[in-house]
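These notes are about the structure you will find just below.
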There are 2 protein chains.
Amino acid sequence: MTEFNEKQLEILQVAEQLFAEDGFDGTSVRDIAKKANVNIAMISYYFGSKEKMLEALVLNRISDMRLQLESLYHENIPPFAKIDKMVELYITRINKNRCIYQIIHFEFSTKKRELNFESFTEMKQSNLETFKNIIKEGQDSGEFQKDINVALLPPIIMGTYFQFHMNKPLYMKIFDLKTEEEYNNYILTTLTQHIQKTIKALLVYEN
Amino acid sequence: MTEFNEKQLEILQVAEQLFAEDGFDGTSVRDIAKKANVNIAMISYYFGSKEKMLEALVLNRISDMRLQLESLYHENIPPFAKIDKMVELYITRINKNRCIYQIIHFEFSTKKRELNFESFTEMKQSNLETFKNIIKEGQDSGEFQKDINVALLPPIIMGTYFQFHMNKPLYMKIFDLKTEEEYNNYILTTLTQHIQKTIKALLVYEN
DNA sequence: GTTTAAATTAAACGTTTGTTTAATTTATTT
DNA sequence: AAATAAATTAAACAAACGTTTAATTTAAAC
């Protein structure tokens with residue numbers, strides 16, 4: 001993979017923000033160029049095209065989640081603690097790269113765009129295997145139930161987060177979160193705990 | 001609210017599909033007009049503009065969820081059964097109006113579109129009140145735990161569904177769902193049960 | 001049957017889109 | 001210092017965009 005210079009990285013950063021705000025189609029290369037203080041032609045000059053820039057952006061941002069998850073798997077801590085840490089890893093990571101996840105899920109999921117989506121699906125499947133291993137530890141120790149559909153656990157974690165975030169105005173109102181900081185703090189504390197609790201409850205629930 | 005004739009409804013139907021497939025910005029009025037077999041000018045003629053058409057579409061589709069939820073609340077069945085029915089109501093409804101929900105959540109939430117969003121937020125807050133009442137029944141009977149953050153339950157239900165659906169290719173592969181019908185059936189059976197189980201597990205979980 | 005309103009059309013409108021060109025400036029190499 | 005490559009620019013490009021116009025057809029009312 002090619003490395004990017006400072007100017008290219010700044011363009012990507014601006015693009016990331018604008019894409020997440022206004023969508024891929026809703027953002028013009030002129031908007032990006034203007035905000036990044038570069039000439040319009042630089043997008044084509046550097047990345048080839050607008051679409052290829054998006055491709056470069058995604059690949060540049062999403063790359064090391066697998067390693068983090070693998071690392072967690074090999075930690076020597078009790079199953080429940082590991083679940084907590086895993087959920088926390090998911091949330092902090094998604095929350096940090098909120099923009100790019102939004103782009104990936106809400107722009108790319110439509111089948112019209114054909115990028116190298118396979119690598120992304122592969123990553124997910126790989127992560128799912130590690131996920132299964134982590135659950136299996138708790139099952140082997142007798143702490144978790146046996147009949148767990150592990151593949152449906154990530155949607156709970158990520159889905160709950162996204163659904164919360166997509167209704168940001170509503171929840172800021174309900175929970176009286178006045179600033180961006182308070183909102184973010186709520187995600188990293190209460191919402192994270194809520195999701196941790198949900199997953200753990202499901203893992204021990206007897207039908 | 002004005003009623004629509006057949007041609008207008010067909011235009012809305014086509015628009016709904018295309019918006020969900022390619023996004024609002026990704027769909028041109030020419031695409032809509034072509035697929036709906038009407039002249040381009042008809043969109044402006046009927047709805048005023050492309051944006052107003054989207055507004056009409058949303059308001060036309062999402063209108064009676066509140067009534068359904070209220071009706072369920074007044075049903076005289078055990079708390080756990082009511083939870084199951086409520087989750088089922090959510091899923092079947094979202095699944096049926098999948099397109100419009102996708103548009104609402106992935107187009108409206110992030111982007112700076114100025115529509116009458118308030119009515120939608122109000123609807124959610126109203127639904128949340130009914131939701132709280134349903135949970136309270138189970139708490140009063142001693143079957144549910146007391147410390148439930150009810151406002152964070154809908155994100156679990158809807159989020160899990162959407163996250164599943166956004167990774168449709170992945171899950172069709174994992175669960176060996178070969179046809180659209182099998183996929184839909186999986187949602188209405190296994191996935192629904194999974195979410196029901198999750199909510200119920202959370203409601204009885206002791207920290 | 002005539003008149004009036006609604007529906008429908010093709011064409012054109014002015015913008016904005018992503019991309020390219022060709023000229024110029026800046027940086028690097030020889 | 002001269003030559004070469006890279007970076008940057010303003011301008012132009014054709015295509016696509018949402019919307020409007022003005023003319024025509026269809027339907028309804030009288």
Side-chain angles (χ1 to χ4, degrees), chain A residues 1-60 103 106-108 110 112-116, chain B residues 1-60 103 107-108 110-116:
Chain A
M1 186 163 174
T2 51
E3 290 176 16
F4 298 118
N5 61 38
E6 272 193 35
K7 215 131 212 177
Q8 287 173 302
L9 286 174
E10 197 190 328
I11 294 174
L12 287 182
Q13 192 178 317
V14 168
E16 181 178 7
Q17 187 192 331
L18 290 181
F19 286 161
E21 276 177 12
D22 308 326
F24 182 75
D25 295 310
T27 307
S28 70
V29 289
R30 283 172 176 81
D31 294 335
I32 299 169
K34 193 178 177 185
K35 188 156 189 176
N37 284 316
V38 296
N39 191 275
I40 324 163
M42 298 309 288
I43 274 94
S44 293
Y45 179 72
Y46 275 141
F47 304 102
S49 69
K50 189 191 177 188
E51 286 234 0
K52 282 185 181 171
M53 181 181 55
L54 176 57
E55 213 170 305
L57 174 60
V58 171
L59 291 178
N60 183 261
I103 293 163
F106 307 159
E107 296 283 339
F108 281 68
T110 67
K112 201 180 177 185
R113 302 200 191 293
E114 284 187 25
L115 305 204
N116 37 3
Chain B
M1 186 163 172
T2 52
E3 290 177 16
F4 298 118
N5 61 40
E6 272 193 35
K7 215 130 212 180
Q8 286 174 301
L9 286 175
E10 197 189 329
I11 293 174
L12 287 182
Q13 192 179 317
V14 168
E16 181 178 7
Q17 187 192 331
L18 290 180
F19 285 162
E21 275 177 11
D22 309 325
F24 182 75
D25 295 311
T27 306
S28 70
V29 290
R30 284 174 176 80
D31 293 335
I32 300 169
K34 194 178 177 184
K35 189 156 190 176
N37 283 317
V38 297
N39 191 274
I40 324 162
M42 298 309 287
I43 274 92
S44 292
Y45 180 72
Y46 274 143
F47 304 102
S49 70
K50 189 191 178 188
E51 287 234 358
K52 282 184 181 172
M53 180 180 56
L54 176 58
E55 212 170 306
L57 174 59
V58 171
L59 291 178
N60 183 259
I103 294 164
E107 295 282 339
F108 280 66
T110 61
K111 299 166 191 177
K112 318 157 188 167
R113 302 208 186 288
E114 287 187 24
L115 306 204
N116 37 1

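Any value given below was found using the heavy atoms of this structure, including those in side chains, with hydrogens, waters and symmetry copies removed.
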Q.
Quick one: does any side-chain atom of A:Lys50 pair with a main-chain N or O of A:Ser44 as donor and acceptor, under 3.5 Å?
A. no
A:Lys52 to A:Tyr46 six-membered ring, cation-pi geometry met (6.0 Å, 45°): no
Item to complete: Under 4.0 Å between any heavy atoms, over every strand shown, what does B:Ser44 touch: base, sugar-phosphate, or nothing? Just pick one.
Response: base
Here the residues of residues 30-43 of chain A within 4.0 Å heavy-atom distance, strictly under, of DNA chain D are A:Arg30, A:Asn39, A:Ala41, A:Met42
Is there side-chain contact between B:Ile40 and B:Lys34, with heavy atoms separated by less than 4.5 Å? no
Ranking A:Tyr45 and A:Gly26 by the position along DNA chain C of their nearest nucleotide, the one closer to 5' is A:Gly26
Does any non-hydrogen side-chain atom of A:Asn39 lie less than 4.5 Å from one of A:Met42?
yes
Is the closest side-chain heavy-atom distance between A:Glu21 and A:Thr27 below 4.5 Å?
no
5'-most to 3'-most nt of DNA chain C touching chain B (<4.0 Å, heavy-atom partner on protein side) reads C:dA6 to C:dA12
Polar side-chain atom of B:Asp22 near backbone of B:Phe19 as donor-acceptor pair, under 3.5 Å:
no
Donor-acceptor contacts, no H, no angles, side chain residues 6-15 of chain B, under 3.5 Å, sequence neighbours left out:
from: B:Gln8; atom 1: OE1; to: B:Asn5; atom 2: N; distance (Å): 2.9
from: B:Gln8; atom 1: OE1; to: B:Asn5; atom 2: ND2; distance (Å): 3.3

When you compare the side chain of B:Glu51 with that of B:Phe24, does any pair of heavy atoms fall below 4.5 Å?
yes
Next item on the list: Pick base, sugar-phosphate or nothing for A:Phe47, based on heavy-atom distances below 4.0 Å to the nucleic acid.
Entry: nothing
